[in-house]
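It should be emphasised that the depicted structure is a prediction, and the values quoted were computed from it without experimental measurement. Numbering of residues begins at 1 and proceeds along the displayed sequence.
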Amino acid sequence: GTLSLPSGLEYLGEDAFSQCGTALQGDIVIPTTLSSLPPEALRANMGENSRLLLHEGIIEIGVPRSMNSMPTYPVISEKIYINNMILPSSLEHIGPNAFRGCSIGGELHLPDNIKVIESGAFSSTDINGTLELPKSLQTVMSDTFAWTNISRLEALNIQVIESGAFWGCRNLNTVFLGSDLELVDDNAFSDCPSLSSVICLAKDPPILGEEVFWWYDDMVLLVPEESL
């Protein structure tokens with residue numbers, strides 16, 4: 001059947017439709033009165049042709065309501081295929097594992113106002129092409145984009161890249177890092193065998209963890225002359 005949420009809905013609980021046994025088809029429209037989409041809320045048995053339509057006004061996706069809760073599964077069904085995902089400009093916070101393993105392909109377009117993307121949010125998806133991280137985002141948390149198919153990373157305003165953030169991005173060949181970079185933690189870019197050039201604009205060399213660039217043969221690191 002088709003999932004039609006009421007237009008005045010203001011609250012949707014975690015796991016709300018996670019145990020649906022009947023395949024849902026067609027569009028899944030989130031009402032404008034709902035500002036938060038909680039963890040695993042729409043992880044129902046959805047058909048491959050289903051679409052998730054997010055409106056302007058959504059602020060949070062996959063953010064646990066308890067600090068002690070760590071979602072294991074994504075917000076939506078892994079069967080929904082999303083190509084060139086465009087998230088609403090109102091979005092500020094994406095929770096842990098929010099889209100992990102989901103069938104998201106094409107380029108990922110992040111809104112300019114996004115402030116927090118938690119660990120594993122887009123891990124093991126099929127996003128590809130260029131990933132440009134917006135100015136509002138200062139930290140890339142652990143495993144956030146691990147095992148994706150991105151080929152180019154533009155992270156010019158990032159200050160901290162946590163451990164394993166881009167682990168296993170085997171198509172990644174070019175990385176641009178900004179002047180405010182302070183820390184690149186353990187294995188941040190490990191197992192990215194296509195990586196050929198990293199351009200870092202930080203005059204003060206950032207702190208590097210262990211095996212940040214593990215598994216490379218011919219990678220070139222370019223830095224400002226003043227930092228040498």
Search all heavy atoms of [X] against all heavy atoms of [Y] and return the closest pair with its distance.
X	Y	value
T139	E162	CG2-OE2, 3.9 Å
C169	I150	SG-CG1, 4.3 Å
G168	W147	O-CE3, 3.4 Å
P64	P96	CD-CD, 3.8 Å
A146	G164	CB-O, 3.6 Å
L201	P224	O-CG, 3.4 Å

Cluster question for you: counting only ILVMFWY and a side-chain heavy-atom cut-off of under 4.5 Å, with indirect links fine, are [X] and [Y] together?
X	Y	value
V212	V140	yes
L195	V223	yes
V160	I117	no
L221	F176	no
L9	I30	yes

Please round to the nearest 0.5 Å and tell me the distance separating atom [atom1] of [X] and atom [atom2] of [Y].
X	Y	atom1	atom2	result
L133	I161	CG	CD1	8.0 Å
D191	F213	CG	CZ	14.0 Å
S36	Y11	OG	OH	9.0 Å
D180	I158	CG	CD1	10.0 Å
N113	L87	CG	CG	12.5 Å
L181	C200	CG	SG	5.0 Å

**Asked** Does D185 have any salt bridge (charged side-chain N to carboxylate O under 4.0 Å, His left out) partners at least two apart in sequence or in another chain, and if so, which?
**Response** none
**Prompt:** Partners of E107 by salt bridge (charged side-chain N to carboxylate O under 4.0 Å, His left out), sequence neighbours excluded?
**Reply:** none
Applying side chain to side chain donor-acceptor pair (under 3.5 Å), can you list everything that pairs with [X], at least two apart in sequence or on another chain?
X	result
E56	S89
S151	none
T148	none
E154	R152

**Message:** One pair to check against side chain to side chain contact (heavy atoms under 4.5 Å, CB included): L37 and L54. What are the steps and the verdict?
**Reply:** CA-CA 10 Å; L37 200 57; L54 299 171; 4.1 Å; yes
**Item:** I207 atom CD1, neighbour heavy-atom count above 12 within 6.0 Å
**Value:** no
**Complete:** The complete set of ring-ring contact (aromatic ring centres under 6.0 Å, His included) pairs with one or both residues in residues 105-136, sequence neighbours excluded, reads F99-F122, F122-F145
Under the rule for side-chain contact (heavy atoms from CB on, under 4.5 Å), what residues qualify as partners of [X], not counting sequence neighbours?
X	result
S197	T174, I199
S136	I114, P134
D186	S163, E210
E182	Q159

**Message:** For a side chain to side chain contact (heavy atoms under 4.5 Å, CB included) check, start with the C-alpha distance between E92 and K115, then their side-chain angles and the critical distance, and finish with the verdict.
**Reply:** CA-CA 5 Å; E92 297 179 0; K115 295 179 175 63; 4.0 Å; yes
**Message:** Evaluate K135 against D112 for salt bridge (charged side-chain N to carboxylate O under 4.0 Å, His left out), listing each step before the verdict.
**Reply:** CA-CA 7 Å; K135 295 179 180 179; D112 292 336; over 6 Å; no
**Item:** S90 side chain to G57 backbone, donor-acceptor under 3.5 Å
**Value:** yes
**Prompt:** Do any N or O atoms from the side chain of H55 and from the backbone of L34 form a donor-acceptor pair under 3.5 angstrom?
**Reply:** yes
**Asked** Which pairs with one or both residues in residues 120-134 pass side chain to side chain donor-acceptor pair (under 3.5 Å), sequence neighbours excluded?
**Response** R100-S123
**Asked** Hey, which of D15, I61, L12 is the one that makes side chain to side chain contact (heavy atoms under 4.5 Å, CB included) with P38?
**Response**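 Among the candidates, only L12 passes.
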**Message:** Any heavy-atom pair between the side chains of L153 and L172 that's under 4.5 Å?
**Reply:** yes
**Message:** Please determine whether side chain to side chain contact (heavy atoms under 4.5 Å, CB included) holds for the pair M141 and V116, giving the CA-CA distance in whole Å, both sets of side-chain angles, and the decisive distance to 0.1 Å.
**Reply:** CA-CA 9 Å; M141 294 189 180; V116 179; 4.0 Å; yes
